[in-house]
Amino acid sequence: MSINRLDFTTRLLIDAGIGKGMRILDVGCGSGDVSVLLCDLAGGNGEVVGVDHDAHAIAIARQRSAAHGYPSLTFIQCELLELQDSLGTFDAIVGRRVLMYQRDAVATIRALSNRLRPGGVMVFQEHDTTMAPASVDPFPLHKRAQFWIQEMIAREGADLHIGFNLHRIFTQAGLTVESVRAECLIQTPDSPYSLGAIVRACLPRILALGVASAEEVGIETLQERLDQERSASSGVYVGDVMFASWARKV
């Protein structure tokens, strides 16, 4: 497959040097999406350990791993900063949408770097709301749906400007930054995007935090209404911005 056709996360990991035979720690692994990708990149001689505090997510990750036959992939339920010393050290530590939720991101990276071998790489991908949503045309429903998600994660304590802070965080933690990059998630009239599905997945949290009511969201027709709004416009809508950075332990 051409690298130009690979998704943002895959390109990020390849460019950061994730490859065959590496021992990799996936922090905040959730149900294992990134862990499986890392397994494919590390190959049969590599090893991937995914950790997450959520027991339900870890259970799903283990089921997926067993079903697809990944003998070099292990999942552990534990808090991010409570890893057992027996886990040893890693060639790479990776996280996606994890650092933005840490109360002290610098302390988190500094602690994780103790698990990194000299010359090892730390790779994090985060979402940043500083510049998005953005459009010339109004897109009121898109922006309202995006607001529900952004307000939800803000009330959960996330750093909404984490992308602009990545270089500082890694540097203050004592690592040498090699790259910071960003990419917009763009929607056009003929490029569907599952914003409605994302809102649906987040709906229990949106309702619990009082961000919006079920009546306001209208989840059963939300995606249809979003598609109609986008189709009625000839403009471009930027819904999200993904930031990423990798840094090395000298």
Side-chain angles (χ1 to χ4, degrees), residues 6-19 22-39 41-42 48-54 57 61 75-76 78-83 87 89-132 150 153-154 156-185 240-250:
L6 297 177
D7 63 79
F8 182 81
T9 303
T10 305
R11 284 184 277 115
L12 166 68
L13 296 174
I14 291 172
D15 291 349
I18 303 298
M22 294 182 73
R23 187 166 194 259
I24 308 165
L25 178 65
D26 180 15
V27 295
C29 65
S31 57
D33 290 342
V34 175
S35 303
V36 169
L37 173 56
L38 290 166
C39 240
L41 293 174
V48 177
V49 178
V51 298
D52 200 286
H53 73 279
D54 189 318
F75 291 104
I76 299 171
C78 71
E79 295 295 332
L80 189 64
L81 299 181
E82 296 179 3
L83 300 173
L87 280 178
T89 57
F90 297 85
D91 300 302
I93 297 176
V94 174
R96 183 168 72 175
R97 296 195 75 163
V98 173
L99 197 57
M100 62 192 295
Y101 286 102
Q102 303 307 306
R103 184 169 298 178
D104 188 335
V106 174
T108 297
I109 294 297
R110 188 178 291 123
L112 287 173
S113 68
N114 292 328
R115 301 283 178 176
L116 206 55
R117 295 169 181 167
V121 64
M122 188 88 69
V123 189
F124 274 85
Q125 176 184 327
E126 306 291 333
H127 284 228
D128 188 298
T129 69
T130 306
M131 299 185 294
Q150 292 180 355
I153 63 175
E156 290 176 337
D159 178 2
L160 300 184
H161 310 292
I162 186 72
F164 284 89
N165 292 327
L166 284 173
H167 190 283
R168 174 188 59 80
I169 290 167
F170 281 138
T171 301
Q172 289 184 359
L175 300 177
T176 301
V177 176
E178 294 190 348
S179 178
V180 178
R181 62 175 54 169
E183 185 171 300
C184 295
L185 289 175
D240 209 346
V241 181
M242 301 175 291
F243 271 79
S245 180
W246 69 85
R248 201 162 297 276
K249 182 177 181 178
V250 179

> Would Asp159 and Glu126 satisfy side chain to side chain contact (heavy atoms under 4.5 Å, CB included), going step by step from the backbone distance to the final call?
Replying inline: CA-CA 10 Å; Asp159 178 2; Glu126 306 291 333; over 6 Å; no
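- The OG atom of Ser245 sits 9.0 Å away from atom CD of Glu178, with the distance rounded to the nearest 0.5 Å.
- For the pair Trp246/Leu12, a side-chain contact is recorded, criterion being any heavy-atom separation below 4.5 Å from C-beta on.
- The shortest distance between side-chain heavy atoms of Val34 and Gln125 does not fall below 4.5 Å.
- Closest of all the heavy-atom pairs between Ile18 and Ala92 is CD1-CB, 3.4 Å.
- The shortest heavy-atom contact between Leu112 and Leu80 is CD2-O, 4.3 Å.
- Atom SG of Cys29 is separated from atom CZ of Arg96 by 11.5 Å, given to the nearest 0.5 angstrom.
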> Given Asp91 and Arg117, is the salt bridge (charged side-chain N to carboxylate O under 4.0 Å, His left out) satisfied, shown in steps?
Replying inline: CA-CA 6 Å; Asp91 300 302; Arg117 295 169 181 167; 3.0 Å; yes
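- You'll find the side chain of Arg168 reaches within 4.5 Å of the side chain of Val106, heavy atoms only.
- Taking each heavy atom of Val98 and Val27 in turn, the nearest pair found is CG2-O, 3.4 Å.
- Contact of the Arg248 side chain with the Val121 side chain is registered, since non-hydrogen atoms from C-beta on lie closer than 4.5 Å.
- Between the CZ atom of Phe75 and the CG atom of Asp52 there is a distance of 10.0 Å, given to the nearest 0.5 Å.
- Annotation: the span from Met122 atom CE to Phe90 atom CZ amounts to 11.5 Å, rounded to 0.5 Å.
- With Gln150 contributing its side chain and Ala132 its backbone, the two residues share a donor-acceptor pair below 3.5 Å.
- Heavy-atom minimum distance, Ala158 versus Tyr101: CB-CE2, 3.7 Å.
- Distance CZ/Arg23 to CG/Leu87: 6.5 Å, rounded to 0.5 Å.
- Between Thr108 and Ile169 there is no side-chain heavy-atom pair separated by less than 4.5 Å.
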>> The test is side chain to side chain contact (heavy atoms under 4.5 Å, CB included); show your working for Asp128 and Leu166 and say whether it passes.
In response: CA-CA 11 Å; Asp128 188 298; Leu166 284 173; over 6 Å; no
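- Side chains of Asp15 and Arg181 form a contact here, defined as non-hydrogen atoms less than 4.5 Å apart.
- With a 4.5 Å cut-off on side-chain heavy atoms, Glu183 and Val241 do not count as touching.
- For the atom pair Phe243 CZ and Met131 CE, the distance stands at 4.5 Å (nearest 0.5 Å).
- What you find for Ser35 and Gly50 is that their closest heavy atoms are OG-CA, 4.2 Å.
- Between Thr9 and Asp7, the shortest heavy-atom contact is N-OD1, 2.9 Å.
- Here the side chains of Ile162 and Phe124 are not in contact, with every heavy-atom distance at 4.5 Å or above.
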